[in-house]
Each structure stands twice: as structure tokens, then as C-alpha cells.
Undergrad: 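Pasting a structure below so you can have a look.
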Amino acid sequence: MNNEEKKIGIIIIAIILGVILFFNSIVFIKTGEIGIVTRFGAVQDKVMQAGINFKIPFVQGVKKMNCKTQEMSTKNESSTKDLQDIAIEVSVNYCVNVGQAHQLYKNVGTKYQDIILTPILADTIKTASAEYTAEETVTKRAELSNKIYEKLNARLNEQGISIVNVNIVNLTFSEAYNQAIEEKQIATQRTLTAQQELETTKVEAEKKKVEAEGQAEANRIINESLNSDNLQKQFIDKWNGQLPSTITGDTIPFLNIN
């Protein structure tokens with residue numbers, strides 16, 4: 001091999017190495033991601049933002065973390081203030097704090113959902129539900145959701161995770177409690193029905209009383225009008241001044257004009 005061929009070979013090798021080094025020094029970070037920079041495996045304070053970034057080949061490494069809003073659902077068994085068993089299914093939206101992403105990665109890595117979010121959420125649900133009775137978890141459902149959100153956010157924010165919102169998807173009670181609620185509803189409905197029937201009876205009785213009083217008053221007025229003077233006056237008002245043309249019996253009709 002002559003010198004010219006050696007030079008060409010060296011140039012080709014240099015080009016290949018240059019290409020390798022170039023592509024090893026470029027890092028593409030997508031929108032919604034953050035690049036955690038490591039130096040020989042040790043996490044650095046520096047992070048890479050979305051776009052094209054450069055690193056030192058074979059010295060620095062980059063771990064990408066999702067900083068978009070993410071969703072997780074979980075169902076946890078708990079107890080209420082009045083010691084009723086309850087299963088609470090919640091949906092949680094959360095995101096990684098960009099400014100704390102490198103610390104979160106340093107402490108727990110990329111499996112933060114399994115390592116800290118899930119267990120802390122389960123404990124928070126138990127703590128929050130214990131402040132409400134079984135009935136209140138239904139009537140104050142929004143308040144309970146907000147309570148879980150506040151407690152969860154307070155515990156996770158310092159770890160580098162922000163809670164966007166918490167929604168209670170479903171509440172499941174024990175069979176015994178559901179039966180007790182059904183019996184209570186039936187009893188309440190029976191009471192309401194009885195009260196309505198009583199009110200109806202009172203109204204009807206009052207109506208009959210008023211009708212009876214009205215009829216009695218009408219009868220009194222009629223009886224007062226049926227005396228001899230009134231009857232004679234009515235006869236005179238209607239008489240045309242002529243005596244009957246035919247009289248039967250020995251009695252001749254006459255008027256009392258005294």
C-alpha cells in the first residue's frame with residue numbers, strides 16, 4: 001500500500017469517526033420533555049430544554065423525562081369517619097416540575113409513578129376519607145376531591161411533582177351499607193306518603209266542615225224567611241186582586257189586613 005492509499009484510508013476513518021462523534025454530540029428533546037444531563041452517570045444540575053442540544057460524546061449522557069400533564073387512575077380501599085368500608089376510585093392528572101426534574105430523577109429515576117405517586121395517593125385517600133362520614137362522601141363529593149388534591153399536592157410538590165386535578169370517579173360501599181341505605185330510603189318514603197295522606201285527610205275534613213257550615217247557614221236563612229208575615233206578603237205581592245172563581249168547601253179565603 002503506497003502513501004496515497006494510506007492517506008485516503010486515514011481520511012475515510014477520520015470522516016467516519018467525525019460523523020459518529022457528531023451524532024453522539026447531538027440530542028433532540030421533544031416538546032413536553034426535559035433532558036436530564038449526567039456526567040459519567042452522575043446527575044448534573046444542568047437540564048436540556050426542547051429542541052436541538054449538544055453534549056460531550058461518551059462523557060455526558062441525557063435521560064429524557066416527560067413533563068406533560070399525565071393521567072393515572074387508581075382504586076383504593078378505605079374507611080370513613082363512621083367506620084364504613086368504602087372503595088374510592090380516583091383519576092389524577094399530574095406533571096413533573098421542570099425546575100425539579102433533575103432532582104426527581106436523581107432521587108427515584110423515571111419510575112416515579114410507581115415509587116412515590118401511587119403509594120402517597122393511596123395513603124392520602126385513606127387520610128382524607130377518614131374525615132367524612134359515608135353519607136358525606138356522597139353529599140360532599142366535590143369537597144372530598146378538593147381535600148385529596150390539597151393533601152396530595154402538599155406531599156408531592158416537594159418531590160418535584162405537581163397535581164393538576166383530582167376527580168372521584170366512583171364510590172363503592174359494602175353490601176350491608178347499601179342495604180341499610182335502601183331500607184332507610186323506603187322508611188323515609190313511607191313516612192312522606194303517610195304525611196301526605198294525613199294532609200289530604202285534613203284538607204278534606206276542613207272542606208266538609210266548611211260545606212256543612214255553609215249549608216247550615218243557608219237553612220237558617222230559609223227558616224227565618226218562612227214565617228207567616230213573609231208568606232202573606234209574598235201572597236199579596238203575587239195576587240192580581242181577583243178572588244178565585246171556584247171555591248170548594250165551606251171556607252172562603254181571606255186576607256189578614258190587620
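These figures come from a predicted structure and were not determined experimentally.
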Undergrad: Judged by modelled atom types alone, do Asn76 and Thr74 share a side-chain donor-acceptor pair under 3.5 Å?
TA: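 Yes - a donor-acceptor pair under 3.5 Å links their side chains.
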
Undergrad: Does atom NZ (Lys64) have a neighbourhood of more than 12 heavy atoms from anything else shown, all under 6.0 Å?
TA: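 Yes, because the 6.0 Å sphere around NZ of Lys64 holds more than 12 heavy atoms from other groups.
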
Undergrad: Taking NZ, NE, NH1 and NH2 as the nitrogens, is one of them in Lys63 or Glu33 under 4.0 Å from a carboxylate oxygen of the other?
TA: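 Looking at Glu33 together with Lys63, the answer is no, because their closest N to O distance does not fall below 4.0 Å.
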
Undergrad: Regarding Thr80 and Asp82, is there a side-chain donor-to-acceptor distance under 3.5 Å anywhere?
TA: yes

Undergrad: Test your reading of the model: is there a side-chain donor-acceptor pair from Ser78 to the backbone of Ser129, 3.5 Å cut-off?
TA: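 Judged by distance alone, no pair lies under 3.5 Å.
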
Undergrad: To the nearest 0.5 Å, tell me how far Leu171 CG sits from Ile86 CD1.
TA: 4.5 Å

Undergrad: Supply the members, apart from Val27, of the Ile/Leu/Val/Met/Phe/Trp/Tyr cluster built from side-chain contacts under 4.5 Å; use none for a lone residue.
TA: Ile29, Val37, Met48, Val62

Undergrad: For the CD1 atom of Ile52 and the CD1 atom of Ile26, what is their distance to the nearest 0.5 Å?
TA: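 Reported to 0.5 Å precision, the distance equals 6.5 Å.
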
Undergrad: Under 3.5 Å, side chain of Glu136 to main-chain N/O of Thr133, donor-acceptor pair present?
TA: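 Confirmed, Glu136 side chain pairs with Thr133 backbone.
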
Undergrad: Checking side-chain polar atoms at under 3.5 Å, does Gln84 have a donor or acceptor matched by the opposite partner on Ser79?
TA: no

Undergrad: CZ/Arg155 to CD1/Ile120 distance, rounded to the nearest 0.5 angstrom?
TA: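 Here the interatomic distance stands at 5.0 Å.
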
Undergrad: Can you tell me how far apart OH (Tyr112) and CE (Met65) are? Round to the nearest 0.5 Å.
TA: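 Tyr112 atom OH to Met65 atom CE measures 5.0 Å (nearest 0.5 Å).
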
Undergrad: To the nearest 0.5 Å, how far apart are CD1 in Ile148 and CD in Glu131?
TA: 10.0 Å

Undergrad: Minimum heavy-atom separation for Gly32 and Asn66, please, with both atom names.
TA: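 For Gly32 versus Asn66, the nearest heavy atoms are O-OD1, 3.4 Å.
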
